[in-house]
Structure formats: C-alpha cells, structure tokens
Amino acid sequence: MPMQTDLNHRTSASVPTPSLGAYYQRIRSLSERIAAPLSAEDCSVQSMPDASPTKWHLAHTTWFFETFLLKQRSGYEAFDQRYESLFNSYYNSVGHAFPRDRRGQISRPSLDEVWMYRRHVDRLVLDWLEANELTEYQREVLVLGLNHEQQHQELMFTDIKHVLFSNPDLPAYQSSSDAADTAEATPMQWRTERETITDIGHDASRTAFAYDNEGPRHRELIHRHQIGSRCVTNGEYLEFIRDGGYQNPMLWLSLGWDAVNRNGWQAPLYWLSLEDRYDQFTLAGRIPLRLDDPVCHVSYFEADAFARWSGKRLPTEFEWEFAARDASPGNALADRLLASNHVIHPYQQAISDWLGNVWEWTSSQYQAYPGYAPAAGALGEYNGKFMCNQFVLRGGSCATSSDHIRVTYRNFFPPETRWQFSGIRLADH
Ligand code: AVJ
Ligand code: FE
C-alpha cells in the first residue's frame with residue numbers, strides 16, 4: 001500500500017501522543033472485558049450469516065491494527081500469514097477476505113491463539129507509541145482503529161445475544177441482579193419544527209473524531225414537520241400487533257410484506273409469545289416484556305409499517321440530526337456500567353432519549369453527502385462502498401460506547417436487519 005496522507009476520517013489532533021497509549025489500552029481492554037463472561041465455545045459460534053463469532057471480532061479488530069499500521073513499517077513480519085485472509089472483513093484491495101457467512105467454521109486458530117495475537121499486536125503498537133515515531137497519518141489510522149474496535153464491541157453484544165438466543169436454554173450473558181430501573185413512559189409530545197435550512201454533518205474544523213461518511217458538512221432544507229419527543233414503546237408496538245399489524249398487507253412496503261411472510265415475523269426479534277402476553281430475551285436472560293421500555297429489535301420494514309399504522313412516518317436523517325442537536329448520551333455503554341453488571345438493554349429514561357438506548361431507523365437511504373470523497377487506498381473501503389440498499393440509523397444504543405455516539409453519527413444496515421438494538425421514533429407531516 002502506498003503512503004497516504006489524507007484519511008478523510010478526522011482526526012487524531014485532539015489526542016496528544018502520550019495519552020494515545022492510554023487511549024489504546026482503554027479501548028482494547030474493553031473488548032477483553034466484554035468477552036470475559038464467555039466460554040471458548042460461546043466465542044466460536046456463528047448463529048446466522050450476519051453475525052460473527054466473538055473470537056472473530058477479537059481477531060479482526062487486531063488484524064485492523066496489524067494490516068493498516070504494523071505492516072506499513074519496513075521489516076514487520078506477519079504474526080501469521082493465514083490471518084491475512086481469515087480476519088479480513090471486506091477490504092478487497094488488501095487481498096482475499098474469507099466469506100463472512102463461514103466465520104463460524106474457523107475452529108483454528110483457537111481462542112487462546114487469538115489472545116496471543118492480540119497481545120503480540122498490542123505490545124508492538126504500544127512500544128511504537130512509546131517511541132513516539134508515528135506520523136500524523138499513522139496517528140489518524142490508530143484513532144480510526146480504536147473507533148473501529150468500538151463498533152465491533154457493539155457487534156460483540158448483538159452477536160452474542162443472538163448466539164445465546166439460539167440455544168434452547170436461553171442462557172444469560174450477564175446476571176440479572178442489577179436490572180436497570182425503568183421509568184414510566186411520558187405521554188408522547190409532538191415538537192413542531194418550522195421550515196429551515198440547516199447545516200448537517202460533521203464540522204471538519206472541529207478536532208473530534210468522525211467517520212468520513214459524516215461529512216462534508218453541508219446545508220439541507222428541512223420542511224415544517226413534527227417529531228416525537230421519545231421513541232415508541234413496547235406497549236405502543238403491542239397495540240399494533242394486537243390490531244393485526246403483521247396480517248395487514250396495506251401497512252407494508254412490498255419488500256417488507258415479502259420479508260414478513262418469508263421469515264414468519266409476528267413480533268420483534270427476541271419477543272417470546274406466551275398465551276396472553278410476551279416475554280423478551282435480554283442479555284440478562286428471559287424477562288417479562290416491559291411495556292414502557294422503547295421497542296427494540298425491529299427492522300426498517302417494521303418501523304415503517306408501525307409508522308403507517310400510526311398515521312405518522314419515520315423522520316429523515318436530517319430532521320433527526322436537527323432535532324437532536326443539543327442532546328447528550330443517556331443509556332449508553334460505559335466502562336463503569338460493565339463493571340457494575342448493569343444490564344445492557346434499552347429502558348425507559350426519565351430524560352430525553354435521542355442518544356443511547358436504541359438506534360432509530362430513519363427514512364433516509366444511506367448515501368453520500370454532496371462532495372463526499374472516501375479516503376484514498378484500502379481505508380476508503382471502510383464506509384463509502386456500502387452506499388446502496390441500506391438505511392441510516394441515528395443516535396446509538398445501550399451497546400454503543402458513550403464516547404462513540406454523536407449527533408452526526410450515521411449507522412447503516414439493510415432494511416431487514418433486526419438483531420441490532422434498533423427502534424422507532426416517529427415524525428409527522
Ligand atoms: C456501520 C455497523 C454497518 O457492521 O460492518 C465494522 C461497522 N465497519 N467494521 C459493520 C464496521 C467496519 C459496520 N456498520
Ligand atoms: Fe470491521
């Protein structure tokens with residue numbers, strides 16, 4: 001790979017070099033803590049093509065630092081050449097990537113060998129940081145790698161949740177002793193926004209990190225509209241189910257109706273139907289459905305159908321960003337919460353719920369902002385090439401690190417996706 005100077009992912013300027021090492025260790029060790037409650041067997045299962053084994057996440061995030069940093073130094077010898085393909089996710093320009101839907105078949109290397117891989121890469125990265133020899137570009141790649149690892153930390157939670165749910169015993173990832181307090185849902189309020197032209201996207205003059213797909217900052221016309229003060233609750237979604245929402249083709253997009261029938265959807269993922277009520281599967285195991293909590297694990301199609309049934313619609317990503325402009329994170333992932341065994345689950349918050357809790361489907365197709373240019377070289381494959389057939393989700397979830405959420409953040413998934421912590425906010429007119 002040729003030397004690059006412009007990453008377009010901004011930036012490392014806000015992190016002074018000495019503390020980069022501490023930052024690196026903080027993020028890397030969180031992955032280890034997330035995996036700590038799991039057995040080697042838990043870490044090797046792939047329960048569906050979209051979800052990866054924990055072991056693969058631990059290795060792939062390490063591969064990222066090895067491939068895009070260590071291998072760029074002369075004289076570096078690969079830890080294991082077989083890992084080049086096994087733990088490459090989708091970077092075609094650096095070589096063949098082992099197929100995603102077969103990651104569960106990688107029984108070798110063992111989990112122990114992956115831990116050794118992590119230690120090897122960590123030692124070299126930390127020594128290098130200690131020597132203070134990184135260029136500004138390399139520091140940016142390092143910060144990108146740490147943000148990348150935070151994305152995979154959320155995926156570790158969503159993927160292991162699916163693994164455990166696939167086990168007939170419905171085992172828990174965490175103990176349920178510290179289940180989060182949930183507040184009563186406040187009545188929905190409709191905030192009216194006047195027509196306006198507003199700046200959207202990450203401001204490149206600010207030093208904080210953002211992905212390339214969050215820029216360039218540009219102007220958007222926002223039409224007069226109303227937007228809901230909080231996300232849709234399980235109780236409200238239950239009314240849609242009881243009203244025959246899943247049986248009424250008039251409520252669904254054509255592709256959504258196909259998905260309902262092909263997959264036999266009758267409720268959100270992880271709802272367990274009993275005679276007259278529902279339980280839900282959480283990372284703390286099976287609990288009764290809590291009606292005041294935000295509905296979660298719905299696809300874009302379900303969010304869209306629910307909105308139509310309500311006589312409303314989903315907000316555009318620009319309406320969302322404008323409305324959330326002053327928000328700060330609520331129920332999000334934080335080191336201290338993991339330490340206290342706080343249950344990683346969305347719950348009704350007394351405060352505003354724009355950031356944290358559940359990702360919110362928007363009606364916006366995931367597309368480039370005007371003037372967008374992916375980074376040169378392999379790292380240009382990070383975000384840009386997925387700008388087709390996916391929808392934007394905003395706001396982060398209970399499994400997103402609180403320092404990884406911001407109002408300009410654009411997550412994206414295909415419209416059938418349900419295993420992420422994805423929920424619904426409504427807009428009107
Ligand atoms: C933005 C969550 C769709 O899951 O592939 C991980 C995050 N990017 N490694 C994904 C990501 C590169 C990405 N999503
Ligand atoms: Fe990745």
- Item | Trace of the side-chain hydrogen bond (donor to acceptor under 3.5 Å, both in side chains) decision for Glu66 with Tyr83 | CA-CA 10 Å; Glu66 188 187 38; Tyr83 294 10; over 6 Å; no

- Quick one: do His96 and Asn88 satisfy side-chain hydrogen bond (donor to acceptor under 3.5 Å, both in side chains)? Show the steps, please. CA-CA 8 Å; His96 173 259; Asn88 179 358; over 6 Å; no

- Task: Verify side-chain hydrogen bond (donor to acceptor under 3.5 Å, both in side chains) between Thr362 and Arg394, making sure each step is shown before the conclusion.
- Result: CA-CA 7 Å; Thr362 73; Arg394 292 298 199 113; over 6 Å; no

- Using the salt bridge (charged side-chain N to carboxylate O under 4.0 Å, His left out) rule, take Arg191 and Glu193 through it: C-alpha gap first, then chi angles, then the decisive distance, then the call. CA-CA 6 Å; Arg191 184 157 118 195; Glu193 299 281 8; 3.3 Å; yes

- Message: Does Trp56 form a ring-ring contact (aromatic ring centres under 6.0 Å, His included) with Phe98? I'd like the steps, not just the answer.
- Response: CA-CA 11 Å; Trp56 188 89; Phe98 184 80; 9.5 Å; no

- Could you go step by step and tell me if Lys312 and Glu236 meet the salt bridge (charged side-chain N to carboxylate O under 4.0 Å, His left out) rule? CA-CA 13 Å; Lys312 311 284 186 204; Glu236 288 160 347; over 6 Å; no

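In summary, the aromatic rings of Tyr366 and Phe386 are positioned with their centroids too far apart to meet the 6.0 Å limit. Aromatic ring centres of Tyr409 and Tyr211 lie closer together than 6.0 Å. For Phe65 and Tyr24, the ring centers are positioned less than 6.0 Å apart.
Taking the ring axis of Trp354 as reference, the NZ or CZ atom of Arg425 stays within 45° of it and closer than 6.0 Å to the ring centre. Judged by a 6.0 Å distance limit and a 45° cone about the ring axis, Arg410 is positioned over the six-membered ring of Tyr369.
Contact between Leu289 and Gln280 at its shortest, heavy atoms only, is CA-OE1, 3.6 Å. The two residues Pro109 and Leu86 come nearest to each other via the heavy atoms CD-CD1, 4.0 Å. Counting all heavy atoms, side chain and backbone alike, Val358 lies closest to Ser422 at CB-C, 4.4 Å.
In this structure, Asp292 contributes its side chain and Ala185 its backbone to a donor-acceptor pair below 3.5 Å.
Residues Gln153 and Ser31 bring a donor and an acceptor atom of their side chains to less than 3.5 Å of each other. A donor atom on one side chain and an acceptor atom on the other are not found under 3.5 Å apart for Asn213 and Tyr372.
The aromatic rings of His218 and Phe318 sit perpendicular, their planes meeting at an angle over 60°, well past the 30° parallel limit. The aromatic rings of His60 and His148 lie perpendicular to each other, with more than 60° between the two planes, well past the 30° mark.
Here the side chains of Leu333 and Gln150 are not in contact, with every heavy-atom distance at 4.5 Å or above. The closest side-chain heavy-atom distance from Leu129 to Leu134 is below 4.5 Å.
Note that CG of Asn357 and NE2 of His345 are 9.0 Å apart. Values are rounded to the nearest 0.5 Å.
Checked options Phe68, Phe79, Tyr90; the residue passing with Trp63 is Phe68 (criterion: ring pair (Phe, Tyr, Trp, His ring centres under 6.0 Å)).
Scanning for side chain to side chain contact (heavy atoms under 4.5 Å, CB included) contacts around Val295 gives Val232, Asn234, Tyr237, Pro268, Trp271, Val298, Ile424, with sequence neighbours left out.
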